[in-house]
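The first residue of the sequence shown is numbered 1, and numbering continues consecutively from there.
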Amino acid sequence: MSESLRIPIAAKIALTIVIASGAVLLVTNVYFAGKAMPFLFFTLTLASVILVLLRVGRSWLDLAYAAAAGVVLGLISVWHFQYQPNGESCVSFLGLGSLVVLGLRAVWSEGEKQKLLALAFAPSFLFCAFMVGAGFVLEQTQIWHPKTLDLYLFSFDASLRVQLAFLMGQAYAVLPSFRAVGVTLYIALPIPLAMVYAGQLLRGREKAFPAMAAFLIAGPIGILFYNLFPALGPTHIFLQDFPWHPMTTAQASHLFREPIAVKGVQNAIPSLHMAWVLLAWWYSRGLSVWERGIALIFVVFTAFATLGTGEHYFVDLVVAYPFSVMIQALCAFPLRWMQRERVTGLLYGLLTTLAWFVALGYAPNLFWVSPIVPWAYGLLTVLPAIYSHRKLEAATEMAVQSKSELASGMAVALS
């Protein structure tokens, strides 16, 4: 880092105070301590920061500092609220301690190490902040949309003549080990995101920046789509009838589709869980075999879990594909905005996602003409999505390679 870019000592002290006091304010905040930290998904979001710290810090001393910071924050929180900490809160404190150490290391390091740590800290902080804010926003959607459109999504799934969510739910019921693995990986979603981002950050920043941006913006954009087509999932609609008592095909074909008043978190379509793991798999290209393998395992078991837990319909997973392509196109920074592959991916993803909303809401009978129709619509969504993703990926890699060759040529010319 050049001399002019170094952070003045006074600024470093100020940033240290801001990071430390911010952590203390969090653990003494009623909403954060009472709702965010006990939530297992947020606990694992903070746990993913530990993984990032270990990858970019490459020092067990950093983990020791994180543990010490976690203990201090935990003691402050327990003293302030007078409660008995459990396993989830202990992991949360360790994750928060890791975030603090990442931030402080970024402030007090120099040169390339400072850049690396800052690029590890910023997205980790933003993703944790999104997870805290997302819970509040999703609670508000229940007020904004008191009625959901679940019956329209269920109608599509039933038109396949195979109710996949109910079948997977039954598999989960009779195979507890299978369920345990699936649910664990389902709620451990932040882990592959952190793994892929940290891996790409260490390998080269050309892929790390798009991955970071995609993981970050997928959430807020997904919540916008939740408000366009509010829905919950079959377990919230069928209650005790899920998964052992699905409607027959004849009953489902004559189902009167209408908005229904059901309380719950409206986060069904598109499945953000599926979109995030798809993006993690796509952005894992170029990483080690074991990192790619872990990302792929998360894709497979997340697909199982979204259905088996009854939190999603099969169509939610289908729509996650064009949605993911749209996010990838938005974050294809090495490409020009008007480059064909980027424009095609963006328009395909956006228009296909919206087309599904229109078809599900206004032409549900179309899918009941023949079982071939819904299956064909699904395939004609997923296969072009994969094709668009690969075209985007190839164009991005070519652009990165061209820039690298240009930079190398200029370096040779100047030497």
(message) Within the structure provided, determine whether F130 and L126 are in side-chain contact (heavy-atom separation under 4.5 Å).
(response) no
(request) Taking all non-hydrogen atoms of both residues into account, name the closest pair between F323 and A275 and its distance. (result) CD2-CB, 3.8 Å
Enumerate, atom names and distances included, each donor-acceptor pair closer than 3.5 Å involving a side-chain atom of residues 215-228, sequence neighbours excluded.
{"unit_1": "Y226", "atom_1": "OH", "unit_2": "N267", "atom_2": "O", "d": "3.4"}
{"unit_1": "Y226", "atom_1": "OH", "unit_2": "P270", "atom_2": "O", "d": "3.4"}
{"unit_1": "N227", "atom_1": "OD1", "unit_2": "H145", "atom_2": "NE2", "d": "2.9"}
{"unit_1": "N227", "atom_1": "ND2", "unit_2": "I223", "atom_2": "O", "d": "2.8"}

(request) Just jot down the side-chain contact (heavy atoms from CB on, under 4.5 Å) partners of R336, sequence neighbours excluded, or say none. (result) Q339
(request) Report yes or no: does Q170 contribute a side-chain atom to a donor-acceptor pair with the main-chain N or O of L167 at less than 3.5 Å? (result) no
(message) Holding to salt bridge (charged side-chain N to carboxylate O under 4.0 Å, His left out), I want the full list of residues that pass it with E393, two or more places apart in sequence or in another chain.
(response) R285
(message) Going by the rule side-chain contact (heavy atoms from CB on, under 4.5 Å), which residues pair with S124 if we only count those two or more places apart in sequence or in a different chain?
(response) V49, V52, L99, L102
(message) For T302 and L189: C-alpha separation, side-chain torsions, deciding distance, then whether side chain to side chain contact (heavy atoms under 4.5 Å, CB included) applies.
(response) CA-CA 8 Å; T302 296; L189 166 70; 5.7 Å; no
(message) Under a 3.5 Å threshold, yes or no: a donor from one side chain and an acceptor from the other, between E311 and H236?
(response) yes
(message) Using modelled atom types and a 3.5 Å cut-off, is there a donor and acceptor pairing between side-chain atoms of Q200 and backbone atoms of A211?
(response) no
(request) Would you confirm whether S253, through its side chain, and A250, through its main-chain N or O, come within 3.5 Å as a donor-acceptor pair? (result) yes
(message) Between V162 and F314, is there a side-chain heavy-atom distance shorter than 4.5 Å?
(response) no
(request) Taking all non-hydrogen atoms of both residues into account, name the closest pair between P334 and A399 and its distance. (result) O-CB, 3.7 Å
(message) How about CZ on R161, more than 12 heavy atoms from neighbouring residues, nucleotides or ligands closer than 6.0 Å, or not?
(response) yes
(message) Distance check, rounded to the nearest 0.5 Å: Q401 atom CD versus T396 atom OG1?
(response) 12.5 Å
(request) Please assess C128 against L46 for the test side chain to side chain contact (heavy atoms under 4.5 Å, CB included), listing each intermediate value before the final yes or no. (result) CA-CA 7 Å; C128 291; L46 285 173; 3.8 Å; yes
(message) My understanding is that only residues two or more places apart in sequence, or in another chain, count here; which of them pass ring pair (Phe, Tyr, Trp, His ring centres under 6.0 Å) with F242?
(response) F166
(request) Return the set of residues passing ring pair (Phe, Tyr, Trp, His ring centres under 6.0 Å) with F156 (not counting sequence neighbours), or none when no residue passes. (result) W356, F367
Under 3.5 Å, sequence neighbours excluded: what are the donor-acceptor pairs made by side chains of residues 175-187?
{"unit_1": "T184", "atom_1": "OG1", "unit_2": "A180", "atom_2": "O", "d": "2.6"}

(request) Drop me the distance from I237's CD1 to Y313's OH, to the nearest 0.5 angstrom. (result) 4.5 Å
(request) Determine the interplanar angle of the F81 and Y83 rings, folded into 0 to 90°, and report it as parallel if under 30°, tilted if 30 to 60°, perpendicular if over 60°. (result) tilted
(message) Does any part of the side chain of V196, heavy atoms only, come nearer than 4.5 Å to the side chain of W281, both counted from C-beta?
(response) no
(request) Output all residues satisfying salt bridge (charged side-chain N to carboxylate O under 4.0 Å, His left out) with R105, sequence neighbours left out; order by chain, then residue number. (result) D62
(request) Identify the two heavy atoms, one from W244 and one from A173, that lie closest to each other, and give their separation to 0.1 Å. (result) CZ2-CB, 3.7 Å
(message) Please check this pair: side chain of R203 against backbone of G286, looking for a donor-acceptor N/O pair closer than 3.5 Å.
(response) yes
(request) State, with a plain yes or no, whether a side-chain heavy atom of L278 is found less than 4.5 Å away from one of H389. (result) no
(message) If we ignore hydrogens and angles and just use 3.5 Å, is the side chain of Q114 paired with the main-chain N or O of S109 as donor and acceptor?
(response) yes
(request) Compare all side-chain heavy atoms of R342 with those of W337 and state whether any distance is below 4.5 angstrom. (result) yes
(request) For A385, check side-chain contact (heavy atoms from CB on, under 4.5 Å) against everything at least two apart and list the hits. (result) Y321, V325, Y348
(message) Treating R257 as the side-chain partner and P364 as the backbone partner, does any N or O pair qualify as donor plus acceptor under 3.5 Å?
(response) no
(request) Return yes if a side-chain donor-acceptor contact under 3.5 Å exists between H312 and D316, otherwise no. (result) yes
(message) Looking at T45, is its backbone amide N or carbonyl O close enough to the side chain of S48 to form a donor-acceptor pair, meaning the two atoms are under 3.5 Å apart?
(response) yes
(request) Check whether any side-chain N or O of D150 sits under 3.5 Å from a backbone N or O of G233 as a donor-acceptor pair, and report yes or no. (result) yes
(message) If you apply the rule side chain to side chain contact (heavy atoms under 4.5 Å, CB included), what do you find for N29 with L25, and how did you get there?
(response) CA-CA 6 Å; N29 178 270; L25 287 174; over 6 Å; no
(message) Measuring from atom CD1 of I269 to atom CG of L360, what distance do you get when rounded to the nearest 0.5 angstrom?
(response) 5.5 Å
(message) Strictly distance-based, threshold 3.5 Å: is any side-chain N or O of W375 a donor or acceptor partner for the main-chain N or O of L160?
(response) yes
(message) So, using salt bridge (charged side-chain N to carboxylate O under 4.0 Å, His left out) as the criterion, who are the partners of E291 when residues are at least two apart?
(response) R55
(message) For the CD1 atom of I294 and the OG atom of S284, what is their distance to the nearest 0.5 Å?
(response) 10.5 Å
(request) Could you give me the CA-CA distance, side-chain angles and deciding distance for L119 and F209, then say whether side chain to side chain contact (heavy atoms under 4.5 Å, CB included) is met? (result) CA-CA 9 Å; L119 291 171; F209 289 154; 3.6 Å; yes
(message) Going by side chain to side chain contact (heavy atoms under 4.5 Å, CB included), V27 matches just one of L73, V78, L75. Which one?
(response) L73
(request) Give the minimum heavy-atom separation between G97 and A69, together with the two atoms involved. (result) CA-CB, 3.9 Å
(message) Checking R340 now: which residues fulfil side-chain contact (heavy atoms from CB on, under 4.5 Å) with it, not counting sequence neighbours?
(response) T344
(message) Measuring from atom NE2 of H254 to atom OG1 of T248, what distance do you get when rounded to the nearest 0.5 angstrom?
(response) 10.0 Å
(message) Just so I know, are the side chains of L202 and L116 near enough to count as touching, which here means a heavy-atom distance under 4.5 Å?
(response) yes
(request) State, with a plain yes or no, whether a side-chain heavy atom of V101 is found less than 4.5 Å away from one of L53. (result) yes
(request) Sequence neighbours left out, what passes ring pair (Phe, Tyr, Trp, His ring centres under 6.0 Å) with F127? Give chain and number order. (result) W276
(message) If only side-chain N and O atoms count, and only distance matters, is there a donor-acceptor pair under 3.5 Å linking S271 with T306?
(response) no
(request) To the nearest 0.5 angstrom, please state how far the CD atom of Q266 sits from the CH2 atom of W144. (result) 10.5 Å
(request) For atom OH of Y65, decide whether the heavy atoms of other residues, nucleotides or ligands shown that lie under 6.0 angstrom number more than 12. (result) no
(message) Within the 4.5 Å heavy-atom criterion, are F154 and L255 side-chain neighbours or not?
(response) yes
